[in-house]
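Take a look at the structure below.
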Amino acid sequence: KFDTPSGTIDMSLGKGHQAVQRVGMGMVKQVNGKPIITNIKFYGPELISPPDGMKSLDWIRNGFKKS
């Protein structure tokens, strides 16, 4: 693990060769003519990355379950 400006990176997949990080998602709206981001939610890597050794498409087809 190591810290970056965007948060902590964890080299937990691919036998330590693939980095994962939480991801933020929100809504953009204008306030006084300037864009701001609201309703920000963060999702951990376990929710957005397939488990180690599993292909993304297989993970999706399996309903995002580990096995």
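Counting all heavy atoms, side chain and backbone alike, V28 lies closest to P35 at CG1-CB, 4.1 Å. Taking every heavy atom of both residues into account, L13 and P51 meet most closely at CD2-C, 4.1 Å.
Residues meeting the side chain to side chain contact (heavy atoms under 4.5 Å, CB included) test with D58, sequence neighbours left out: M54, K55. Taking the side chain to side chain contact (heavy atoms under 4.5 Å, CB included) definition, one finds that D10 meets it with K1, S12, V20, sequence neighbours left out. Checked against side chain to side chain donor-acceptor pair (under 3.5 Å), N32 has no partners two or more places apart in sequence or in another chain. Taking I9 as the reference, F2, T4, M11, A19, Q21 meet the side chain to side chain contact (heavy atoms under 4.5 Å, CB included) condition, with sequence neighbours excluded.
Applying the ring-ring contact (aromatic ring centres under 6.0 Å, His included) test to pairs two or more places apart or on separate chains, none has a residue in residues 10-50.
The line from CG of L47 to CZ of R22 is 12.0 Å long, rounded to the nearest 0.5 Å. The structure places CZ of F64 at 9.5 Å from OG of S56, a figure rounded to the nearest 0.5 Å.
The hydrophobic side chain of M27 is isolated, with no ILVMFWY side chain under 4.5 Å apart from it.
Remark: I37 CD1 is loosely packed, at most 12 non-hydrogen atoms of other residues, nucleotides or ligands lying under 6.0 Å away.
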